[in-house]
Amino acid sequence: MRAPSTRAAPLRALLLRTRSVGTRSVLANRATTVSLVAILVLLVAALAAPVLTALAGTSPTAFDTGALDANLGGLPRGGFGGISSAHWLGVEPGSGRDLFARILYGTRVSLLIALAATAVSVVLGTVLGLVAGFFGGWADAVIGRVMDLLMSFPSLIFMIALMSVAPAANRELLLVAVLGFFGWPYAGRIVRGQAMSLSRREFVEAARALGANRRTLLFGEVLPNLAGPVLVVATLSIPACVATEAGLSFLGVGVRPPTPSWGQLIAQAVPWYAADPLYFLLPGALLFGTVLAFNVLGDAVRDALDPRGGGR
Amino acid sequence: MASRTRTASLGASLILGLIAVAGCGGAHGGAADSQAAGTHRGGTLHVLSTIDLEHLDPARAYVTSTQDVVRLVYRTLTTYAAAPGRAGSSIVPDLATDTGTPSDGAKTWTFHLKEGLKYEDGRAITAADIRYGVERTFAPELPEGPPYARTWLAGGASYQGPYKGGDLAAIATPDDRTIVFTLNRPVADFGSAAALPMFAPVPKDKDTGVGYDSRPFSSGPYKIDTFEPKKQLTLVRNESWDQKTDDVRKALPDRIEIDLNLDGSVVDQRMIAAQGEDANAVAFEPIGPASVAQVQTDPTLRARLITGESENTRFLSLNTRRGQLGNVKVRQAIAYAIDKDALRLTRGGPIAGDLATTILPPSVAGHVDGDPYPSKDGKGDPDKARQLLAEAGVAGGIDLTLDAPATNGGKAQAEAIQSSLAKVGIRVAVNEVSGSSYWSTVGNTAQEHDMVIDGWTPDWPGASTYLPIVLDGRAITKQGNNNRAQYDSSAVNSRFDQIAALPDANAANAAYGQLDGQIMADAPVVPFLWDKAAILVGPNVVGAYGHVGYVGRLDLVSLGLRG
């Protein structure tokens with residue numbers, strides 16, 4: 001007697017929960033709604049960066065020394081960081097590049113790297129965590145120790161070293177690889193624990209008793225039930241990746257000039273905090289807002305999906 | 001190793017990122033009135049440095065900023081005049097009674113020491129101590145110094161220094177106050193070279209080899225009290241030094257404290273606030289671009305801003321051995337396309353110096369005015385550049401890689417070059433090299449790419465340590481290469497030999513000036529900035545001026561405090 005209901009039940013339950021209780025509780029909170037809207041706006045702006053800069057008539061790399069006062073060390077002319085009809089958010093001191101265009105293109109780079117790195121770490125973490133949790137034994141031992149090793153590793157220092165010894169490599173790809181590689185144990189641990197407890201649950205035992213093979217058990221029974229925790233890990237990993245990428249770029253081992261990224265913009269703006277505060281505040285506020293929005297959203301998703309949380 | 005001097009002016013400022021070299025255009029001597037030479041003795045002078053003093057040992061002190069400091073501690077045969085402006089580039093006697101007497105067609109140089117010269121322990125300084133000091137620079141343990149003794153002194157090529165090789169026959173000391181150098185070639189400006197720290201006396205019994213670096217024995221007005229590398233150097237008065245024997249050093253403060261490795265913006269803000277002890281302080285390095293606006297808009301701060309010319313030229317080296325850059329038309333196109341004004345703006349605007357049009361800066365003897373690649377306001381001439389590229393058959397554009405230091409300042413300059421070359425269809429990829437290994441990387445011909453953000457400061461005011469070191473094709477070495485354009489023109493090389501054989505320094509300088517124009521026509525390098533330094537001094541400090549020999553930094557020997 002096959003029991004399709006047992007197999008489909010967890011996934012359907014999750015979807016139902018997300019759609020009914022979940023969606024409602026996610027949207028019920030105003031902070032979460034604002035976060036979600038902010039993230040969507042940011043994503044759209046990043047995707048439409050070429051269109052938006054074309055509308056503004058600017059480019060992220062074109063110098064405009066005419067917008068600067070050479071005798072004041074290259075400070076933007078006019079107040080508020082040189083905000084004008086030509087430069088909506090002002091210009092970069094020293095070069096006159098349009099800040100609106102640089103921030104938009106920086107958003108593209110920062111978000112792309114964060115999303116790709118998150119995808120890498122979540123896929124790696126899910127696969128390896130699943131294997132470790134479901135099979136146990138030596139697979140668990142090996143993967144568990146590797147995760148321990150990576151989590152106890154001073155990853156930031158290693159990243160800085162790696163980025164400096166591979167100066168010629170494609171920085172964007174390298175950042176994605178490095179962030180993904182050091183990020184997967186966090187997803188892996190959670191998935192492993194869940195997979196371990198799931199594999200002992202009644203519906204899995206039932207499927208096993210009914211003669212389901214390992215593949216069916218893994219992908220049909222356990223994996224669909226992991227969707228919730230994986231979604232939470234992914235949402236919380238994005239802001240971490242955004243922040244780490246910014247940190248690496250800030251330290252001078254991020255993306256290569258003239259490609260802008262938030263971390264780089266902030267690093268360049270630091271000495272100007274007194275002379276041109278807007279130059280520092282704009283990318284800083286954007287980074288802060290994005291990380292906050294993703295964190296709030298991640299928390300909301302977790303609250304909605306965690307059966308023990310039971311709503312607020 | 002001649003690059004060490006350059007490292008001081010360029011490397012140090014690049015390493016420091018935004019604490020880039022800045023100078024003050026048009027404000028020359030603007031602070032002269034309030035900076036009348038001081039006479040009051042006493043007080044503690046503070047120097048706030050964003051860099052470290054690499055080596056204090058006279059055999060190893062080859063960084064220009066360090067040379068500025070050690071002039072307080074030990075004396076040399078000759079030295080720079082302690083004077084503002086270009087007067088500072090003249091060489092005057094220090095330990096010696098004159099700037100040296102050449103004979104045998106400038107192949108033999110004789111110096112006589114003044115009377116009454118004493119070390120910090122009161123004993124007399126002898127010619128043998130100077131000989132020993134020069135001999136030490138041959139020791140393989142002390143490799144950082146200038147190469148001139150090794151290349152010029154007869155028999156120097158095989159000499160291993162006093163620790164292994166005994167005395168060098170090429171230096172004779174007929175009596176305690178006479179020293180005679182026998183050279184293997186005529187050197188017209190040996191008297192200028194004698195201003196390098198390696199011509200300072202070192203008493204043999206005080207020499208601790210490599211350890212001498214931490215406490216050189218004082219022959220100048222100050223002796224070292226404490227020295228913690230990367231933190232602080234404290235100098236106190238050397239009571240044995242006699243003002244009557246020294247026309248250069250004023251020795252006004254009783255004590256000088258040099259704080260090292262401070263953050264650039266912290267130094268700027270401390271100097272701007274000038275609270276408490278900082279009123280008696282001077283900055284060691286120029287202000288950063290981000291502080292320029294604050295200083296320029298405040299008259300009281302502007303009065304405390306001291307500007308100095310330097311002998312440093314910043315240029316873009318075009319590697320003539322790579323691809324399309326072997327074509328002179330392509331190089332000329334780049335020379336036309338570069339927006340020098342934008343490059344200068346990344347360093348702080350006109351305060352950072354004047355736009356360069358020749359390799360030799362105006363402060364170096366031999367400089368001849370000229371601008372073979374003119375453009376309006378130095379902003380570049382893309383039309384002319386495109387035309388030259390079309391003539392070269394690369395109208396479709398080319399791809400080049402630029403080596404730049406991985407600092408904020410280095411990146412900003414790289415982006416400015418990228419942006420101006422993009423206008424003429426030259427696509428530039430930037431290869432960032434970490435600041436500390438920048439010069440060794442671009443000095444390695446296997447690692448160097450198409451273009452290098454470069455620069456040079458001569459070892460003394462004169463073209464002889466400029467053009468031949470940077471552009472002689474026979475001086476290209478696999479490592480530690482200073483000819484980053486890898487420019488090798490037989491006509492230019494043979495001209496270098498002819499000029500080096502001229503016994504008269506003035507004639508040689510004039511010939512170098514002409515050769516500068518000849519080289520510029522070939523465009524192996526694109527000069528873009530003649531550096532100036534703009535440095536803040538505390539309201540209580542007097543006697544401050546930028547010294548041309550120390551890349552526009554303050555001449556520390558003349559500083560004093562108001563009583």
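By convention in this document, chain letters (A, B, ...) are assigned in the order of the sequence lines, proteins followed by strands, and residues within each chain are numbered from 1. Just so it is clear, the model here is predicted, and its values are computed rather than measured.
- Only the side chain of K379(B) comes within less than 4.5 Å of a heavy atom of chain A; its backbone N, CA, C and O stay farther away.
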Check the pair L72(A), T297(B) against side chain to side chain contact (heavy atoms under 4.5 Å, CB included), reporting the backbone distance first and the verdict last.
-> CA-CA 8 Å; L72(A) 293 183; T297(B) 49; 3.8 Å; yes
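- The only option from Q418(B), K423(B), E415(B) that meets the side chain to side chain contact (heavy atoms under 4.5 Å, CB included) definition with F63(A) turns out to be E415(B).
- In terms of heavy atoms, V292(B) sits closest to N71(A) at CG1-O, 3.9 Å.
- The local environment of CD1 in I157(A) is sparse, with at most 12 non-hydrogen atoms from other residues, nucleotides or ligands closer than 6.0 Å.
- In terms of heavy atoms, P271(A) sits closest to A290(B) at O-CB, 3.0 Å.
- The two residues T61(A) and S419(B) come nearest to each other via the heavy atoms O-CB, 4.1 Å.
- Across all their heavy atoms, L75(A) and A293(B) have their closest contact at CD2-CB, 3.6 Å.
- For A414(B), no part lies near chain A; criterion is any non-hydrogen pair under 4.5 Å.
- Note on A416(B), A429(B), A404(B): by heavy-atom pairs under 4.5 Å with chain A, the leading option is A416(B).
- The two residues A70(A) and P350(B) come nearest to each other via the heavy atoms O-CD, 3.1 Å.
- Among P289(B), S291(B), S265(B), the single residue meeting the side chain to side chain contact (heavy atoms under 4.5 Å, CB included) criterion with W272(A) is P289(B).
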